[in-house]
Peer 1: 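Provided herewith is a single structure, encoded as structure tokens, for subsequent inquiry.
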There are 2 protein chains.
Amino acid sequence: MTEEQGSRGAGGRPVATTHAAIEQATFRLFRERGFEGTTLDDIAREVGVSRRTLFRYFPSKNDIAWGQFDRTLETFRETLATMPEELPLHEAVHRAVVAFNVYDEHADPPHRERMHLILTTPALSAHSVHRYADWRAVIAEYVAARRGLAPTDPLPEVVSQVALALALSAYTLWLREPGPSLRRRLEDALLDLRAYLA
Amino acid sequence: MTEEQGSRGAGGRPVATTHAAIEQATFRLFRERGFEGTTLDDIAREVGVSRRTLFRYFPSKNDIAWGQFDRTLETFRETLATMPEELPLHEAVHRAVVAFNVYDEHADPPHRERMHLILTTPALSAHSVHRYADWRAVIAEYVAARRGLAPTDPLPEVVSQVALALALSAYTLWLREPGPSLRRRLEDALLDLRAYLA
DNA sequence: AAAGTAACTGCACCGGGTGCCACAACGGAC
DNA sequence: GTCCGTTGTGGCACCCGGTGCAGTTACTTT
């Protein structure tokens with residue numbers, strides 16, 4: 001449930017809802033009526049707040065689907081930071097990516113439902129570019145730090161783009177049919193790439 | 001200028017404009033007022049048609065920026081199809097990607113301006129996911145055909161995603177500063193990836 | 001001149017998103 | 001208990017992209 005309201009500054013009107021509550025109500029509606037079939041008025045009514053208030057919690061309808069992704073990015077950054085220096089760069093990045101994606105397997109709403117929604121809804125898959133850019137920036141920073149480069153240099157750019165490409169392939173295949181685990185899909189994607197380039 | 005109106009069926013009111021005319025007027029306005037600062041009413045006025053008519057030529061404001069991309073995809077498909085069978089798969093894909101992107105270097109509006117607009121405007125870079133998906137599908141089909149797989153199998157999926165990743169890296173670097181040519185950037189991206197994985 | 005046809009226009013409407021301001025609900029000071 | 005500062009909420013007006021529909025315009029054919 002991930003309680004919110006930690007360390008609320010003194011005074012002021014109490015909040016009427018939480019990110020988590022909005023997220024859950026929203027997913028419930030998306031499940032029933034689909035993404036396009038659900039208006040922000042519907043969500044506001046379901047949550048019990050005004051439409052205007054929704055925008056104080058999420059900057060757009062699209063963003064609700066990603067929840068507080070920026071929070072989990074912090075975890076990702078830490079995971080990368082704690083990778084042993086001895087590990088080859090590609091190995092460190094790969095392990096961190098796997099750890100990051102296997103991590104919130106039991107999130108709420110469930111990982112699979114969220115990713116399925118995102119990857120099959122046109123508006124969401126388009127909007128997600130911005131979340132992916134944030135994710136890539138984390139990788140680019142790590143690569144740049146380890147190689148003494150700027151995050152805007154060629155290598156960090158290429159590595160972060162390719163890492164995303166592999167992750168997206170893995171997710172697409174994983175969501176299409178309930179065969180191998182996501183972890184397995186991620187491993188296989190890398191193997192396929194290596195075999196392809198060899 | 002790419003004249004349109006080839007083989008117009010008999011009868012009916014003549015067209016009031018062309019895709020090319022709309023594209024040019026639009027880029028002029030984007031250059032002056034920016035993407036967000038330009039409304040569809042502005043464009044319609046500039047072109048000399050009604051707002052409603054714009055939607056008969058382009059499905060959305062975003063799509064104007066890509067022009068008739070689907071046409072150029074046909075070229076891409078043919079380029080791939082004529083690659084020698086003897087060439088290793090990765091080599092064939094790579095050469096086709098390079099040829100495709102160096103091809104319309106002298107397009108109108110200019111290649112560089114278009115790509116800069118697309119990659120720096122948030123709404124456009126998000127929307128472009130759909131064009132990229134079309135582009136990837138062409139690659140996936142080729143890979144599938146050569147390997148006797150379905151386009152939805154792992155290898156075609158991974159290869160098309162990675163090819164896009166490399167292309168996007170190359171474009172990003174190419175647009176950021178006027179150093180090496182786009183062709184060079186594409187070559188280097190692949191070299192960087194190989195070095196990274198080695 | 002009339003009929004047929006294809007494209008354009010105008011209008012009403014929907015939904016996401018924003019700026020602005022008034023108001024509600026709390027805690028603290030006295 | 002009252003007043004005050006604080007902070008989130010609510011309502012409203014408005015902008016803009018996008019769609020459905022119905023009517024009109026301009027050309028070709030017979």
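Here is how names work: the chains are called A, B, and so on, in the same order as the sequence lines, proteins then strands, and each is numbered from 1.
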Peer 1: Provide, to the nearest angstrom, the distance between the NE2 atom belonging to A:H19 and the C1' atom belonging to D:dG8.
Peer 2: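 My rounded result for the distance is 13 Å.
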
Peer 1: Report yes or no: do B:S50 and B:T53 form a side-chain donor-acceptor pair below 3.5 Å?
Peer 2: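 Result is yes, a qualifying pair exists.
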
Peer 1: Can a donor-acceptor pair under 3.5 Å be found between the side-chain atoms of B:R13 and the base atoms of C:dT9?
Peer 2: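 Check fails, no donor-acceptor contact within cut-off.
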
Peer 1: Kindly say if B:Y57 contacts the phosphate of C:dA7, meaning a side-chain N or O under 4.0 Å from OP1 or OP2.
Peer 2: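 For B:Y57, the contact criterion (side-chain N or O under 4.0 Å from OP1 or OP2 of C:dA7) is not met.
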
Peer 1: Begin with the C-alpha distance, continue with both residues' side-chain angles, and end with the deciding distance and a verdict on side-chain hydrogen bond (donor to acceptor under 3.5 Å, both in side chains) for A:T172 and A:S169.
Peer 2: CA-CA 5 Å; A:T172 302; A:S169 314; over 6 Å; no

Peer 1: Expressed as a whole number of angstroms, how long is the span from A:H127:NE2 to C:dG17:C1'?
Peer 2: 13 Å

Peer 1: Figure out the CG/C1' separation between A:D63 and C:dT18, and round it to whole Å.
Peer 2: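 For the pair A:D63 CG and C:dT18 C1', the rounded distance is 15 Å.
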
Peer 1: Is it the case that B:N101 and B:H111 place a side-chain donor and acceptor less than 3.5 Å from each other?
Peer 2: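 Result is no, nothing qualifies.
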
Peer 1: Whole Å only: how far is the CG atom of B:L54 from the P atom of C:dA7?
Peer 2: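 After rounding, the gap between these two atoms is 16 Å.
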
Peer 1: From C-beta outward on A:R56, which listed nucleotide comes closest to its side chain: C:dG16, D:dT9, C:dC8?
Peer 2: D:dT9

Peer 1: If we check salt bridge (charged side-chain N to carboxylate O under 4.0 Å, His left out) with B:R28, which of these qualifies: B:E46, B:E23, B:E113?
Peer 2: B:E46

Peer 1: So if I take every side-chain heavy atom of A:F55 and compare against D:dC21, C:dT18, C:dA25, which nucleotide ends up nearest?
Peer 2: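 Minimum distance to the A:F55 side chain belongs to C:dT18.
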
Peer 1: Distance-only check: which donor-acceptor pairs under 3.5 Å involve side-chain atoms of residues 80-91 of chain A, not counting sequence neighbours?
Peer 2:
unit_1, atom_1, unit_2, atom_2, d
A:T82, OG1, A:E78, O, 3.2
A:T82, OG1, A:T79, O, 3.0
A:E91, OE2, A:R95, NE, 3.0

Peer 1: Grab the CG-P distance between B:L40 and D:dT19 for me, whole Å please.
Peer 2: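 Distance check: B:L40 CG to D:dT19 P gives 11 Å.
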
Peer 1: What integer distance in Å separates B:R33:CZ from D:dC16:C1'?
Peer 2: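 From B:R33 CZ to D:dC16 C1': 15 Å.
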
Peer 1: Below 4.0 angstrom, which residues in residues 41-53 of chain A have at least one non-hydrogen atom near DNA chain D?
Peer 2: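 Contacting residues: A:V49, A:S50, A:R52, A:T53.
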
Peer 1: Can A:Y142 and A:R146 be counted as having a side-chain donor-acceptor contact under 3.5 angstrom?
Peer 2: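 Per modelled atom types, A:Y142 and A:R146 side chains form a pair under 3.5 Å.
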
